[in-house]
2 protein chains.
Amino acid sequence: MATLKQVAAHAEVSVQTVSNALNAPHRLRPDTLARVNRSIELLNYRPNRNARSLRTSAVELIGYCVPSWPNRTHLVMDQFLHALCAAAESTGRHILLFTAPPGVDGMSVYDDLHARRLVDGFVLSQTETRDPRHGWLKEQEIPFVSFGRVWKESTQPGPWVDVDGAAGSGLAVRHLHETGRRRIAFVGWPKTSGLAEDRLDGWRTACDSLGLPTAGLSIHCSEDTLDEGARATAALLDSPEPPDGFVALSDILALGALREVTRRGLTPGVDLGITGFDDSPMAEVVSPGLTSLRQPMDDIAAELITILTDPPAGPTERLLLPELVVRGSTAPG
Amino acid sequence: MATLKQVAAHAEVSVQTVSNALNAPHRLRPDTLARVNRSIELLNYRPNRNARSLRTSAVELIGYCVPSWPNRTHLVMDQFLHALCAAAESTGRHILLFTAPPGVDGMSVYDDLHARRLVDGFVLSQTETRDPRHGWLKEQEIPFVSFGRVWKESTQPGPWVDVDGAAGSGLAVRHLHETGRRRIAFVGWPKTSGLAEDRLDGWRTACDSLGLPTAGLSIHCSEDTLDEGARATAALLDSPEPPDGFVALSDILALGALREVTRRGLTPGVDLGITGFDDSPMAEVVSPGLTSLRQPMDDIAAELITILTDPPAGPTERLLLPELVVRGSTAPG
DNA sequence: AGACTGCATTTTAACGTTCAAACGTCTGCG
DNA sequence: CGCAGACGTTTGAACGTTAAAATGCAGTCT
């Protein structure tokens, strides 16, 4: 394994000159640069990252805690991680995974990773209401950025990137409206999570602005399962004025709705329209395909990495728009 | 940020003694050790990993390439990554993520990460038939271990851990048999992949040993979708002697089977039994729940890390048994 | 008493890199 | 001709750690 020293000897220059050839090539005379580069190539030299990090005290590694608790994000976690990796790599960085207990208990792990110089900073996800991590990291002056707002908190401690759930619901409502639906229901969770409330608000706002009814068209599911989605859908279909469009808060609930609708002999995409959220892998493999709101993972990841590694002067709160992926479940009726 | 030097000064010993207190405590007199430890605690000292790695030329980081191509493993990737992280951490190591083009094109990325000392070795997954990575890494003498056998290759280049798909099919068949099923079908893919062939063989072997029929009870799906699973199931149900048990090669195909069965007014778990593979998150949220073969992720991860970091003298090929997670889709009929 | 042994600790040097300062050479200008 | 400044390159030191060798000291054996 070649070192700077060996390259320097080969190119007949000093060690520092080789270092400059890599980190500040403009400082070298063109002919020297060419000669050094030839030697680098010839010896197949690769800078030792540990030595570099020791000297500069920057490891170019970003910590990400792999979630251990069942959660909606899991279904698209591979997409997220891939995007995050790619974004990090485009700046010469990499992602370091670790596990930590949720909440305050996990903070010692974050602290340790940073203190031992395994990472420069963190990308947080699985943000919870009143998440304690943000305040703690800010206090320790450890760089971080959060995927997901901290809901129910008056002051926003630290930068975040999130997807505009309200706008997503709006997209779904308008799409259903354009495909001829006139009574559009919302199948959600209780308002306990900011996420649920956000998406519910978006549905109501969009319906209002289109002059569509909302009364009696919103229903809560107690858990994120097909059964619950089906139960809620059944209840709505059994009402005196049943809806012909369903905006479900998750793909799972939407699949439940699809099942119930099909069970009743109705055809999704013909008799009524159904949309989900997050465009999980399931949306593609069911039939008819489920129209769903895709999170713009590449943009999210790029923003996260940018904010973390090269913080812009302006505001560091980014709300990105989801993208409606249209499939058979919302064919024009 | 405290350094060894500062701790040494505080404890009134040499720098090396503090280093020994951490890496070889048996070398210190108990009272010295206690004194040093007190100083470490007091100054909240954490060893700088970069300096350590520079000196020892071991980074305690393991590279894992996050798959970019749609694949069955994606649905359980979060489980896998969590287990892998936890296993790595139990040996003081961590997982570094990266992206690379598939096949030979990606090898330069592996090479680079290793040459620049960002990782000590690699865990491979998404192993493909005649995967070029194994041979290449072995040639470069870069440590690695593969999750998944290299199929269709006479010599096994390098250590691997895999799940015994044939045994899994066997478990499913025997379970269906115990719950009263007597004609058990296999819903699979074409024999192009080793994985598909393995699971198919297991089904056939188990049926044979139980004296169950197999003729006309195996069917291939062209892709991994609900529609294909449903189509295959329909074809089987329409045969003169329809099966009363279905071993599907994937959860997706099994869900398709569930759908078709339900559509015909039959009740899964009552009129017939259905099993899937991999115990993806979907298996739990459908109704009835899908009986599926869970991959023992914790064991897999532990084996991978052990083989990679502390290679046992004996054979380094581990075939682990999947676990049958029984749910409503195979209630006794 | 002298030599040897074993243990606890310190000293020296090195891992491979980059920063800051110093150096030598060339150029332009009064 | 002498000097300032710019440019390209080198020197010296440091980042924080650990391996290996050296040191000092107490106890044991002959």
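For clarity, every value in this text was computed on a predicted model and none was experimentally measured. Per chain, numbering begins at 1; letters A, B, ... match sequence-line order.
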### Task
Apply the test side chain to side chain contact (heavy atoms under 4.5 Å, CB included) to residues A:L113 and A:F122: give CA-CA distance (whole Å), side-chain angles for both, the deciding distance (0.1 Å), then the verdict.
CA-CA 10 Å; A:L113 286 169; A:F122 296 94; 4.1 Å; yes
Would you tabulate the nitrogen or oxygen pairs shorter than 3.5 Å linking the protein to nucleotides 10-12 of chain D?
{"from": "D:dT10", "atom 1": "OP2", "to": "A:S14", "atom 2": "N", "distance (Å)": "2.8"}
{"from": "D:dT10", "atom 1": "OP2", "to": "A:S14", "atom 2": "OG", "distance (Å)": "3.0"}
{"from": "D:dT10", "atom 1": "OP2", "to": "A:T17", "atom 2": "OG1", "distance (Å)": "2.5"}

### Task
Rounded to the nearest angstrom, tell me the gap between atom NZ in B:K5 and atom P in D:dA14.
8 Å
### Query
Does the pair A:E41 and A:N37 meet the rule for a side-chain hydrogen bond (donor to acceptor under 3.5 Å, both in side chains), with working shown?
CA-CA 6 Å; A:E41 187 108 359; A:N37 280 335; over 6 Å; no
### Task
Would you mind listing every ring-ring contact (aromatic ring centres under 6.0 Å, His included) that reaches into residues 27-64 of chain A, with sequence neighbours excluded?
A:Y64-A:F80
### Task
Round to the nearest Å and state the distance from A:L4 atom CG to D:dT9 atom P.
16 Å
### Query
Between A:S146 and A:V161, is any pair of side-chain heavy atoms under 4.5 Å apart?
no
### Task
Mind checking ring-ring contact (aromatic ring centres under 6.0 Å, His included) for A:H134 and listing every partner two or more places apart, or none if nothing turns up?
A:F144
### Message
Just the rounded figure in Å: distance from C1' of C:dT17 to CZ of B:R117.
### Response
15 Å
### Separation of D:dT18 C1' from B:N48 CG (nearest whole Å)
13 Å
### Message
Below 4.0 angstrom, which residues in residues 28-46 of chain A have at least one non-hydrogen atom near DNA chain D?
### Response
A:L28, A:R29, A:T32
### Worked check of salt bridge (charged side-chain N to carboxylate O under 4.0 Å, His left out) between B:D162 and B:R318
CA-CA 6 Å; B:D162 205 354; B:R318 295 283 148 78; over 6 Å; no
### Task
Just call it for B:N23: base, sugar-phosphate, or nothing, with non-hydrogen atoms closer than 4.0 Å on any strand.
sugar-phosphate
### Query
Think A:S19 has a side-chain N or O under 4.0 angstrom from the OP1 or OP2 of C:dT18?
yes
### Message
Between B:R46 and B:N44, does the side-chain hydrogen bond (donor to acceptor under 3.5 Å, both in side chains) criterion hold? Intermediate values first, please.
### Response
CA-CA 7 Å; B:R46 321 290 180 86; B:N44 191 25; 3.1 Å; yes
### Task
Take the C1' atoms of the five end pairs on each side of the helix from C:dA1-D:dT30 to C:dG30-D:dC1, derive the two axes, and give their angle rounded to 10 degrees.
60°
### Task
Calculate the interatomic distance between B:L22 atom CG and D:dT18 atom C1'; express it in whole Å.
11 Å
### Task
Scan for side chain to side chain donor-acceptor pair (under 3.5 Å) pairs involving residues 81-93 of chain B, sequence neighbours excluded, and state none if there are none.
A:T99-B:E89, B:T91-B:R93
### Query
In whole angstroms, how far is the P atom of D:dG16 from the CD atom of B:Q6?
8 Å
### Task
Take A:D279 and A:Q295, measure what side-chain hydrogen bond (donor to acceptor under 3.5 Å, both in side chains) needs, and give me the verdict at the end.
CA-CA 7 Å; A:D279 194 30; A:Q295 310 208 26; over 6 Å; no
### Task
With the side chain of B:L54 defined as its heavy atoms from C-beta on, choose the nearest nucleotide among D:dT18, C:dT17, D:dG16.
D:dG16
### Whole-Å distance separating the CZ atom of B:R27 from the P atom of D:dG24
20 Å
### Query
Do you know which two heavy atoms are closest between B:V163 and B:R149, and how far apart they sit?
O-NH2, 3.3 Å
### Heavy-atom closest contact (A:D120 atom, A:V59 atom, distance)
OD1-N, 3.0 Å
### Message
From NE2 of A:H26 over to P of D:dA6, roughly how many Å is that when rounded to an integer?
### Response
15 Å
